[in-house]
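These notes are about the structure you will find just below.
The figures that follow rest on heavy atoms only: side chains count, while hydrogens, waters and symmetry mates do not. All residue numbers refer to positions in the sequence shown, counting from 1. Order of listing sets the numbers, starting from 1, for every ligand and every atom in it.
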Amino acid sequence: MKFLSMGEIMVEMAPADAGLFRMGFAGDTFNTAWYARRLLPAAWDVAYGTVIGTDAVSDDMATFIEAQGVTPALRRDPSRTVGLYMIQTQNGERSFSYWRGQSAAKTLADEPAWLDDLLADRDIIHFSGITLAILAPHARQTLCDALKRARQNGAHVSFDTNLRPRLWEDAQTMAAGLTLGASTADTVLPSFDEEQLAFGDSHPDDTIRRYADLGATTVAVKNGANICHLWSSAEGDARYDPPAVAQVIDSTAAGDSFAAGFLCARAQEASVLDAAKQAATLAGAVIQHKGALAPQIFEGGTQ
Ligand SMILES: Nc1ncnc2c1ncn2[C@@H]1O[C@H](COP(=O)(O)OP(=O)(O)OP(=O)(O)O)[C@@H](O)[C@H]1O
Ligand SMILES: O=C(O)C(=O)C[C@H](O)[C@H](O)CO
């Protein structure tokens with residue numbers, strides 16, 4: 001079985017002790033692949049699809065991806081390098097600054113034959129609103145057309161809406177882009193506060209209905225510490241109240257790890273409710289650690 005996540009992985013500067021920053025590599029869809037690798041049985045291949053440069057930091061990134069047990073599915077663009085972002089936290093809520101305007105990942109959909117190869121024969125393909133936001137408008141359409149073909153050929157496509165207004169041209173383009181992305185997907189993983197912002201939804205059921213109308217068969221509407229509203233065409237509606245977290249240290253990758261927990265449970269035939277439980281348990285642990293990737297959670301063999 002083959003799981004592919006695709007988008008942009010960057011150099012991450014995460015707050016460490018004594019005012020220092022710790023350099024790592026992360027990015028929403030890569031984070032999901034990283035957590036999926038730790039949740040899925042070894043027989044699953046978990047791959048990450050992106051474009052990087054040919055410079056030293058790109059080489060380090062490729063080495064890092066592989067060392068994490070994730071299969072690198074990379075195209076190299078010698079004229080570009082990778083992006084960088086910095087996390088800053090205040091009372092557990094994070095904000096990001098980005099240096100990614102010219103990154104190699106922006107050319108993800110520029111070679112259609114490579115793209116079709118990347119998507120071929122995957123059981124699950126995961127991408128996000130960030131994957132789309134970084135692309136030029138025509139490239140968003142190219143990517144979504146390729147994803148639709150992959151879905152027709154049997155892949156289960158998953159879309160995490162992951163709203164980043166600063167990465168889109170304007171609010172209208174963002175709403176249209178999210179709608180385009182969701183229309184390729186079987187599973188859509190939105191966050192309610194973001195859906196309110198982008199579409200003016202007044203209740204999570206509005207969000208579910210909109211994505212079901214676009215062709216999704218499963219929707220999980222996250223809402224931070226509040227109840228997740230779930231729906232699948234086979235099971236109907238369900239709700240899940242995430243376990244309380246005593247102290248949020250850094251909320252980075254809450255949604256990314258939720259996506260991994262949810263998709264991996266669904267891949268192993270879990271109900272939407274059980275999938276949300278695995279997802280929220282993992283996300284609840286992740287937000288008690290600094291940075292996007294929290295290997296500590298898996299040390300000792302338990303989540
Ligand atoms: N304060 C919290 N307490 C408990 N669980 C939380 C909290 N914040 C997030 N979670 C868990 O993480 C999940 C995802 O969080 P959230 O709704 O913020 O998603 P998101 O907006 O996609 O995240 P991201 O900021 O990574 O994009 C929630 O559904 C919940 O299970
Ligand atoms: O914001 C982005 O583009 C990132 O991918 C950085 C973070 O790793 C991600 O947002 C965490 O969800």
Side-chain angles (χ1 to χ4, degrees), residues 5-14 24-35 48 50 82-89 91-101 103 105-106 126-135 158-168 178 188-198 204 207 219-230 239-262 265 272-273 275-294:
S5 188
M6 63 191 303
E8 179 169 23
I9 169 170
M10 295 168 283
V11 172
E12 177 190 80
M13 305 305 293
F25 295 104
D28 68 332
T29 45
F30 178 76
N31 305 339
T32 299
W34 191 92
Y35 286 104
Y48 189 65
T50 191
V82 296
L84 178 149
Y85 79 106
M86 179 184 271
I87 304 173
Q88 283 168 304
T89 49
N91 305 322
E93 252 327 301
R94 86 284 184 273
S95 66
F96 299 135
S97 302
Y98 299 113
W99 293 264
R100 68 194 310 183
S103 70
K106 290 175 82 75
H126 178 73
F127 77 117
S128 77
I130 297 178
T131 313
L132 285 181
I134 61 168
L135 304 181
S158 158
F159 180 60
D160 182 339
T161 50
N162 235 347
L163 217 79
R164 296 288 183 273
R166 263 185 297 157
L167 298 180
W168 293 91
L178 296 175
V188 182
L189 301 167
S191 299
F192 185 57
D193 56 342
E194 298 179 347
E195 299 299 305
Q196 283 178 302
L197 185 76
T207 310
V219 184
V221 187
K222 298 154 285 171
N223 197 2
N226 306 307
I227 288 177
C228 298
H229 288 247
L230 312 159
R239 289 175 180 211
Y240 181 72
D241 199 1
V245 167
Q247 200 198 353
V248 180
I249 305 282
D250 175 358
S251 65
T252 306
D256 312 335
S257 53
F258 184 100
F262 191 84
V272 283
L273 201 58
K277 191 172 174 185
Q278 165 159 306
T281 304
L282 176 60
V286 168
I287 61 181
Q288 296 179 64
H289 294 89
K290 288 179 180 169
L293 309 177

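For the residue pair S128/T131, the side-chain donor-acceptor check at 3.5 Å is satisfied. Judged purely by distance below 3.5 Å, without hydrogens or angles, the side chains of H126 and S158 pair a donor atom with an acceptor atom. For the residue pair D193/S191, the side-chain donor-acceptor check at 3.5 Å is not satisfied.
Distance check, rounded to the nearest 0.5 Å: OG1 of T207 to NE2 of H229 gives 9.0 Å. For the atom pair CD of E8 and OG of S103, the computed distance is 3.5 Å after rounding to the nearest 0.5 Å. A distance of 9.0 Å separates CD1 in I249 from OG1 in T89, rounded to the nearest 0.5 Å.
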Check against side chain to side chain contact (heavy atoms under 4.5 Å, CB included), V11 and F25: CA-CA 5 Å; V11 172; F25 295 104; 3.9 Å; yes

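A side-chain donor-acceptor contact under 3.5 Å links Y35 to the backbone of A294.
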Between ligand 2 and the protein, give all atom pairs where both partners are nitrogen or oxygen and the distance is under 3.5 Å, as lines of names plus distance to 0.1 Å.
from     : atom 1 : to   : atom 2 : distance (Å)
ligand 2 : 1 (O)  : Y98  : OH     : 2.5
ligand 2 : 1 (O)  : R164 : NE     : 3.2
ligand 2 : 3 (O)  : R100 : NH1    : 2.9
ligand 2 : 3 (O)  : R100 : NH2    : 3.1
ligand 2 : 5 (O)  : D28  : N      : 2.7
ligand 2 : 8 (O)  : N31  : ND2    : 3.1
ligand 2 : 8 (O)  : Y85  : OH     : 2.8
ligand 2 : 10 (O) : R164 : NH2    : 2.7
ligand 2 : 12 (O) : D256 : OD1    : 3.4
ligand 2 : 12 (O) : D256 : OD2    : 2.7

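Listed here is the closest heavy atom pair of T161 and P190: OG1-CA, 3.1 Å.
Each of R94, N162, R164, S191, E194, K222, N223, G224, A225, C228, P242, P243, V245, V248, A253, A254, G255, F258, A280, A283, I287 has a non-hydrogen atom positioned under 4.0 Å from some atom of ligand 1.
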